[in-house]
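Below is one structure, written out as C-alpha cells; comments come after it.
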Amino acid sequence: MSHSIKQPNMQDYDEAYANFSWKEVEEAFSWHESGKVNMAYEAIDRHAESFRKNKVALYYSDEKRDEKYTFQDMKYLSNTFGNVLRNLGIEKGERVFLFMPRSPEIYISMMGTLKIGAIAGPLFEAFMEQAVFDRLENSDASVLVTTPELLPRVPYKELPSLKHIILVGDGEIPNNSKDINFYVYEQEMRKASRELEIEWMDREDGMILHYTSGSTGKPKGVLHVHNAMIHQYQTAKWILDLKEDDIYWCTADPGWVTGTSYGVFGPWLNGASNVIRGGRFSPEDWYSTIEKYRVTIWYSAPTAFRRLMAVDEEGIKQFDLSSLRHILSVGEPLNAEVVHWGRKVYGLSIHDHWWMTETGGIIVSNYPSMEIKPGSMGKPFPGVEAAILDGEGNEVPRGQMGHLCVKSGWPAMMRHIWKNEEKLNGYFEIPGWFDSEDLATMDEDGYIWFEGRDDDVILTSGERVGPFEVESKLVEHPSVAEAAVIGKPDPVRGEIIKAFVSLREGYEKSDGLEKELREFVKKGLAAHVAPREVEIRDFLPKTRSGKIMRRVLKAWELDLPTGDLSTMEK
Ligand code: 6R9
C-alpha cells in the first residue's frame, strides 16, 4: 500500500505500553505559575506563538461559506470573544452554552469561553425546546450563543439564570428585558479588544460540560477539566497519528464528545490543520470534502460508513481519495464487514476504538502500528488499565463476557455529573474502577470485543445473544444498509429476537426478503440467534451521533414510553 510510507508516531504498542508515563506527556505543555494551565492556550496560542503561526488551524466550508483561519487568526478571534464575555461580566466557572449549526463561530466562541476560565456547553443544533431547556436549566447557564433562527427553541423566559444571549448571523433581535439582554455577535466582536489576559486554571478546574443520556432519567451533564488535555494530546498523537503536514477531518459535531475531544482539542493540541464541513451528510459531499482538502486522516462513525457503503463502487471512483492515509471510527460497533469493505474501496483498514463521554478520551484502540482484528475495538491505551470484570470486580477468564471497566485515574476521566453526585458514584461501585456498563470480552491476545450494552443483551431460550452479533450478520446481506436487534418478551422463549432493518438503494421491501434475511442469519450464525421477526423500515431511530437507538425500537414495538428522545435524530 502506498499510503504507509511513513512510520506511525507510536511504533511498537507493547513497548509503549510497558514504558509509558503520563508525567512525561505533561512536559509537552507550558505550565504557568506553579502548575496552572489553559486548554485554549495550549490548543491555539501556543502554536500562534511558534513556527505554526501562519499554519491553517481551521478550514471551514458549507454551502455558503468557504474560509480558513490560521492559528494566529484563531488566537485573536478567540481573545476577542473572551473579551466580549468579560465585558458582560462573565467570570471563571460560569457556564456558556453554544447552540449553533457547525460554523467557525462555534470554535471561536468555545475557545474564547475557555480562555476566560468559563465552562463551555456545546449543544446539537437540532435540539428542540425541551432538550435545550433541560440542559440550560440543569447547568444554570448564564450565557447562550445561538442564531436568530434557533432562538425560538430557547425558552429563555423560563430560565432565570440565563442573562445574556449572543446572536450569530442575521435575523430579528428581540427587545431586551430586565431579565435578559440580547447582543449581536458581529457588533460585540467589533467593539472588543483582541488582546486578552488568559485566565490560568488549576488543572482540575471545569472546562467543558457534555450532556449525555442514559437509560433512565434526564440527560446528565458530564464535566471534564483542563487536565483532560494530557490524555487528549497523547491519544491524538498516537491513535489519530497526526503529523505536521496532515490534513485532519473529524466529521463529528461538537455537540457530541467526539466533536470536541477529537474534533477540536486532540488535533489542535498537536498543532494539526482541522477541516470542518457544515451542512448535512451526503456521500457526494463527504467525498468531495476529502478531495477538496486532500484530507489525510479521517475520523468518523460506523453509521456514516454504513451509509457510504450504500454508494456503489463506481460512484466512489469518481472522487480522488488518494490523499487518505488513516481512517478511524468510533461510537458504536464497527462490524467486521465494514472493515473489509473499507479495505476494498479505500485500500485502508478502518481503525475502531472505544471510549465514552464519561472517559473524555480514547481508552481502547486499534493502533496504526498494530495488526488489527476486524470487529475488535483493540487494546487499552498505554497508561490506561482496562479489564473485563464481573459484578464483584473480579476479572473474568479470557473469552468470557463481563463489564468493560477502566482503572480510575486516567487524565481525561469525568470529574462530576453536574449537580448529581449520586449518578457519578453509580459508575464507581466496583472500588477503584469505572464501570462502563458495556459488555465485552477479551481474547487470548488481549484484544477487546464489544458485545453490547448490559441492558441490550438478549436472553432467548436460555442462550445469551449479543444483538451486535446478529446485526453484524444482517449487514453482511447485500440488501441491508443498517440493522438493529432487540429482545421481545415471549412466553415460551423468554425473549425472541426481532430485527429491524433499513435497505440499501435498489432493494424493495417484501415478505420474501424478510424471510431471506431470517434464513441468512440462521445459515450464517446459528438457528437460535436468527431473528424470528424481521421488520423492514425506511429508517431506524438514531442519536445525533449515529447510534441506533434500540431502546426506542423496543419501546415502539412493545407500546411502552420511549423515555428521553432529545438526542434522537429527526
Ligand atoms: C465516544 C462515544 C459511548 C458508548 C459506549 C458504547 C458505544 C463507543 C464503540 C462503542 C462499540 C465502539 N461505543 N465506541 N460500541 N464499538 N468502538 O461514542 O461516546 O456517545 O458517550 O457513547 O458508545 O456502548 O458505552 P458516547
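Numbering of residues begins at 1 and proceeds along the displayed sequence. All values derive from a computational prediction rather than experimental measurement.
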Exercise for review: State, without any angle test, whether Glu67 and Tyr69 hold a side-chain donor-acceptor pair at a distance under 3.5 Å.
Suggested key: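 Per modelled atom types, Glu67 and Tyr69 side chains form a pair under 3.5 Å.
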Practice item. State whether a side-chain donor-acceptor pair under 3.5 Å links Asp435 with His403. Key: yes
Exercise for review: Examine distances only and state if a side-chain atom of Asn38 and a backbone atom of Glu199 form a donor-acceptor pair shorter than 3.5 Å.
Suggested key: yes
Review point. Checking Lys115 side chain against Lys75 main chain: does a donor-acceptor pair fall under 3.5 Å?
Key: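 Looks like yes, one N/O pair under 3.5 Å.
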Measuring only between side-chain heavy atoms, which start at C-beta, is [X] closer than 4.5 Å to [Y]?
{"X": "Arg95", "Y": "Leu209", "answer": "yes"}
{"X": "Trp354", "Y": "Leu404", "answer": "yes"}
{"X": "Ile173", "Y": "Tyr183", "answer": "no"}
{"X": "Ile297", "Y": "Trp249", "answer": "no"}
{"X": "His477", "Y": "Leu513", "answer": "yes"}

Salt-bridge test for [X] and [Y]: reply yes if a basic N is under 4.0 Å from a carboxylate O, no otherwise.
{"X": "Arg550", "Y": "Glu557", "result": "no"}
{"X": "Arg532", "Y": "Glu495", "result": "no"}
{"X": "Arg65", "Y": "Glu105", "result": "yes"}
{"X": "Arg306", "Y": "Glu482", "result": "yes"}
{"X": "Glu94", "Y": "Lys92", "result": "no"}
{"X": "Arg277", "Y": "Asp62", "result": "no"}

Can you list, pair by pair, the side-chain donor-acceptor contacts under 3.5 Å of residues 152-162, counting residues two or more places apart and other chains?
from	atom 1	to	atom 2	distance (Å)
Arg153	NH1	Glu125	O	2.8
Arg153	NH1	Phe127	O	2.8
Ser161	OG	Asp140	OD1	3.3

Practice item. Report the relative orientation of the aromatic rings in Phe434 and Tyr427; use parallel for angles under 30°, tilted for 30 to 60°, perpendicular for over 60°. Key: parallel
Review point. In terms of ring plane angle, is the pair Tyr262 and Tyr299 parallel, tilted or perpendicular, where the classes change at 30° and 60°?
Key: tilted
Exercise for review: Can you sort out the partners of Leu558 under side-chain contact (heavy atoms from CB on, under 4.5 Å), two or more places apart, ordered by chain and number?
Suggested key: Lys488, Pro489, Lys554, Leu560
Exercise for review: From the options Ser288, Ser273, Ser61, select the one residue that forms a side-chain hydrogen bond (donor to acceptor under 3.5 Å, both in side chains) with Tyr293.
Suggested key: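 Passing option: Ser61.
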